[in-house]
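As structure tokens, the structure follows; a few thoughts come after it.
Being a predicted model, the structure only gives us computed values, none of them experimental.
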Amino acid sequence: MPNVTVKAKDGGSFQAYVAMPARTPAPGLVVIQEIFGVNKVMRDLTDAYAAQGYVAICPDIFWRIEPGVDITDKSEAEWQKAFDLFGKFDVDTGVQDLIATLGHVRAMPECTGKAGSVGYCLGGKLAYLMASRSDADANVSFYGVGLDELIGEAGGISAPYLCHVAEKDGFVPPEAQARFVPALEKHPKATVHVYAGQDHAFARVGGQHYDQAAAELANGRTRDFLAAHLG
């Protein structure tokens, strides 16, 4: 494909990277970026989910600020740019763009109509909001930031939701985890896994805190979860 144009609810349009499974029709999966744009890490993840059997789509959620961001976590300058983009990003509008992406993938002839989301870092926060604000069939967060400030939205979660939490997350301190982890553990639609000793982005291949064992465990749980609720 590999890029498609998605129409935004409030006008305008944005690009999304798409990877197709070997067989269609197949369930759809919105893959939500970190703060580094739709970079190689996100494209590789999207390809990997397609290989698992999903019509995988990774939208450019920074398009309203700067279309086509594609940076890494390898330099101080890139980190500064990523944090600047994060600071300018409007979460509510971003969720609307993700809902538009969900509708786009569901309408694709290659999709069965079932679709969910999976997000990382900033995307982990947005996947939580997709669980609480959209009609996605299943949602997965990897080390989402700021969930403690959004726990009041948990009542909106009506489809299965899986939350991966890094115990030693430098962006999500223990007091923040204490506010949202117990609340989600009590939620009938939520499943929470806390990864002991792991820091933020433990599943980012090539990242500073990448941990193969923890990543494989989280990825395996995600694979089984999505297969159960989207397959």
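A side-chain hydrogen bond (donor to acceptor under 3.5 Å, both in side chains) with N139 holds for exactly one of S134, S132, S117; it is S117. Applying side-chain contact (heavy atoms from CB on, under 4.5 Å) to Y120 and the options L45, V140, I32 leaves one that passes, L45.
Side chain of H187 to backbone of A154: a donor-acceptor contact under 3.5 angstrom is found. Judged by distance alone, with hydrogens and angles left aside, the side-chain atoms of E78 form a donor-acceptor pair with the main-chain N or O of T72 at under 3.5 Å. A donor-acceptor pair is defined here as one N or O able to donate and one able to accept, closer than 3.5 Å; such a pair exists between the side chain of S141 and the backbone of G124. Put simply, the side chain of R204 never gets that close to the backbone of Y210: no donor and acceptor are under 3.5 Å apart. In this structure, the side chain of Q177 engages the main chain of A166 through a donor-acceptor pair within 3.5 Å.
F225 approaches A138 most closely through the heavy-atom pair CE2-CB, 3.9 Å. Minimum heavy-atom separation, C163 to F180: SG-CE1, 4.3 Å. Looking at every heavy atom in both residues, Y49 comes nearest to A56 through CB-CB, 4.1 Å. Listed here is the closest heavy atom pair of G116 and A136: CA-CB, 4.1 Å. Minimum heavy-atom separation, V105 to C111: O-CB, 3.0 Å. The shortest non-hydrogen separation linking V38 to M42 is CA-CB, 4.3 Å.
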**OP:** In sequence, state the C-alpha distance, the side-chain angles, and the governing distance for Y195 and D169, and then conclude on side-chain hydrogen bond (donor to acceptor under 3.5 Å, both in side chains).
**Re:** CA-CA 10 Å; Y195 295 79; D169 196 319; over 6 Å; no
**OP:** Just do the side-chain contact (heavy atoms from CB on, under 4.5 Å) check on V165 and H193 with the steps written out, would you?
**Re:** CA-CA 6 Å; V165 180; H193 294 292; over 6 Å; no
Subject >> Pair D137-R106, side-chain contact (heavy atoms from CB on, under 4.5 Å): steps then yes or no >> reply: CA-CA 11 Å; D137 296 291; R106 278 178 167 160; 3.0 Å; yes
**OP:** Take I35 and I71 through the test side-chain contact (heavy atoms from CB on, under 4.5 Å) and record every step on the way to the result.
**Re:** CA-CA 9 Å; I35 58 175; I71 57 178; over 6 Å; no
**OP:** Dump the intermediate steps for side-chain contact (heavy atoms from CB on, under 4.5 Å) on I99 and M130, then the final yes or no.
**Re:** CA-CA 8 Å; I99 292 172; M130 286 294 282; 3.9 Å; yes
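Atoms CE and CE, from M20 and M108 in turn, are 3.5 Å apart once rounded to the nearest 0.5 Å. Rounding to the nearest 0.5 Å gives a distance of 13.5 Å between NE2 of H104 and CG of D97. One distance of note links OH of Y17 with CG of N39; it measures 12.0 Å at 0.5 Å rounding. Note that CG of D70 and CZ of R43 are 4.5 Å apart. Values are rounded to the nearest 0.5 Å. A distance of 11.0 Å separates CG in D90 from CD1 in I61, rounded to the nearest 0.5 Å. In this structure, T101 OG1 and L29 CG are separated by 12.0 Å, a value rounded to the nearest 0.5 Å.
Inter-residue side-chain proximity for L126 and Q33 is flagged as unmet; no heavy-atom pair is nearer than 4.5 Å. With contacts defined as side-chain heavy-atom distances shorter than 4.5 Å, the pair W79/D73 qualifies. Inter-residue side-chain proximity for V172 and Y143 is flagged as unmet; no heavy-atom pair is nearer than 4.5 Å. Counting heavy atoms from C-beta on, the side chains of K125 and V91 come closer than 4.5 Å. Between V145 and H200, some side-chain heavy-atom pair lies under the 4.5 Å cut-off. For the pair Y128/E153, a side-chain contact is recorded, criterion being any heavy-atom separation below 4.5 Å from C-beta on. Residues H209 and K168 are not in side-chain contact: their nearest non-hydrogen atoms beyond the backbone lie 4.5 Å or more apart. Contact annotation: the side chain of Q15 never approaches that of V4 to less than 4.5 Å [non-hydrogen atoms, C-beta and beyond].
By the criterion of side-chain heavy atoms lying less than 4.5 angstrom apart, applied directly or through intervening Ile, Leu, Val, Met, Phe, Trp or Tyr residues, L230 is grouped together with F142 in one hydrophobic cluster.
A 6.0 Å sphere centred on CD of Q208 holds no more than 12 heavy atoms belonging to other residues, nucleotides or ligands.
A salt bridge links K88 to D84: at least one charged side-chain nitrogen sits closer than 4.0 Å to a carboxylate oxygen.
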